[in-house]
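Below is one structure, written out as structure tokens; the observations come after it.
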Amino acid sequence: MVDEQERQLPIANVGRIMKQILPPSAKISKEAKQTMQECATEFISFVTGEASDKCHKENRKTVNGDDICWALSALGFDNYAEVIVRYLHKYREAEREKANQNKGTSTQDTRDEESDHESEEHTERQVGSTSNPSEFTVLDKGKSSFTKPS
């Protein structure tokens with residue numbers, strides 16, 4: 001069996017995430033961080049297990065983002081699933097743009113025009129508003145920003 005500490009998210013990261021949502025003067029007890037660490041770890045395991053079961057039934061070995069979204073919805077977390085579906089779409093879009101930028105084009109002028117256009121689109125996506133108070137914004141591979149519900 002995997003050591004309990006290795007199975008959990010790093011407590012420093014959990015504390016950092018918790019602090020982002022609280023007022024600057026707020027303090028978080030060690031017990032609160034440990035409780036949230038356990039909750040987050042269990043939530044991830046629960047959702048991933050459901051997604052893994054789906055993949056196993058479909059004779060697939062790789063759990064993907066769509067499987068996670070499906071699992072969230074299947075487990076009754078429809079509100080989260082909707083937000084994550086939007087995040088996944090934006091993430092994939094950003095990855096496609098990055099891949100296209102890395103391919104290059106035949107002339108520097110074309111690259112400059114595409115870069116200017118993509119930069120404008122990227123900025124519009126990041127600052128654009130949404131009707132849902134919870135929103136993820138793709139910042140960079142492996143990083144995201146979550147806007148707290150009002």
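Quantities reported herein were computed from a predicted structural model and do not represent experimental measurements.
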Atom [atom1] of [X] and atom [atom2] of [Y]: how far apart are they, to the nearest 0.5 Å?
X      : Y      : atom1 : atom2 : value
Ser73  : Ile84  : OG    : CD1   : 12.5 Å
Lys61  : Ser52  : NZ    : OG    : 12.5 Å
Met18  : Met36  : CE    : CE    : 5.0 Å
Cys39  : Phe46  : SG    : CZ    : 13.0 Å
Arg86  : His89  : CZ    : NE2   : 11.0 Å
Asn100 : Lys103 : CG    : NZ    : 5.5 Å

Basic-acidic side-chain contact under 4.0 Å: Glu42, Arg7: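 Yes, Glu42 and Arg7 are salt-bridged.
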Electrostatic pair Lys54-Glu50, nearest N-O below 4.0 angstrom: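 The answer is no: the pair does not qualify as a salt bridge.
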Steps toward side-chain contact (heavy atoms from CB on, under 4.5 Å) verdict (Lys33, Gln37): CA-CA 6 Å; Lys33 290 177 191 175; Gln37 178 187 40; over 6 Å; no
Intermediate values then yes/no, side-chain contact (heavy atoms from CB on, under 4.5 Å), Cys69 and Leu88: CA-CA 9 Å; Cys69 294; Leu88 189 57; 4.1 Å; yes
Using a 3.5 Å cut-off and no angle test, enumerate the donor-acceptor pairs between side-chain atoms of residues 20-29 and protein atoms at least two apart in sequence or in another chain.
from  : atom 1 : to    : atom 2 : distance (Å)
Ser29 : OG     : Ala32 : N      : 3.0

Nearest heavy-atom neighbours spanning Ala51 and Val63: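 Smallest interatomic distance, heavy atoms only, reads CB-CG1, 3.8 Å.
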Flag side-chain contact, heavy atom, 4.5 Å: Asp67 against Arg60: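 They are in contact (side-chain heavy atoms under 4.5 Å apart), so the answer is yes.
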Ile44/Leu9 under side-chain contact (heavy atoms from CB on, under 4.5 Å): CA gap, chis, key distance, verdict: CA-CA 10 Å; Ile44 291 167; Leu9 296 169; 4.0 Å; yes
Whether over 12 other heavy atoms sit under 6.0 Å from Glu31 CD: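 For Glu31, atom CD is not crowded (no more than 12 foreign heavy atoms under 6.0 Å).
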ILVMFWY cluster, Val47 and Tyr80 together (side-chain gap under 4.5 Å):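 They do share one cluster, since a chain of ILVMFWY contacts under 4.5 Å joins Val47 to Tyr80.
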Hydrophobic cluster membership, Ile68 vs Leu75, 4.5 Å side-chain cutoff: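 Both belong to a single hydrophobic cluster.
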All side chain to side chain donor-acceptor pair (under 3.5 Å) counterparts of Asp53, not counting sequence neighbours: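 Listed in chain order: nothing, the list is empty.
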Check: Phe77 ring centroid to Phe43 ring centroid under 6.0 Å: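 Here the rings of Phe43 and Phe77 have centres that are less than 6.0 Å from each other.
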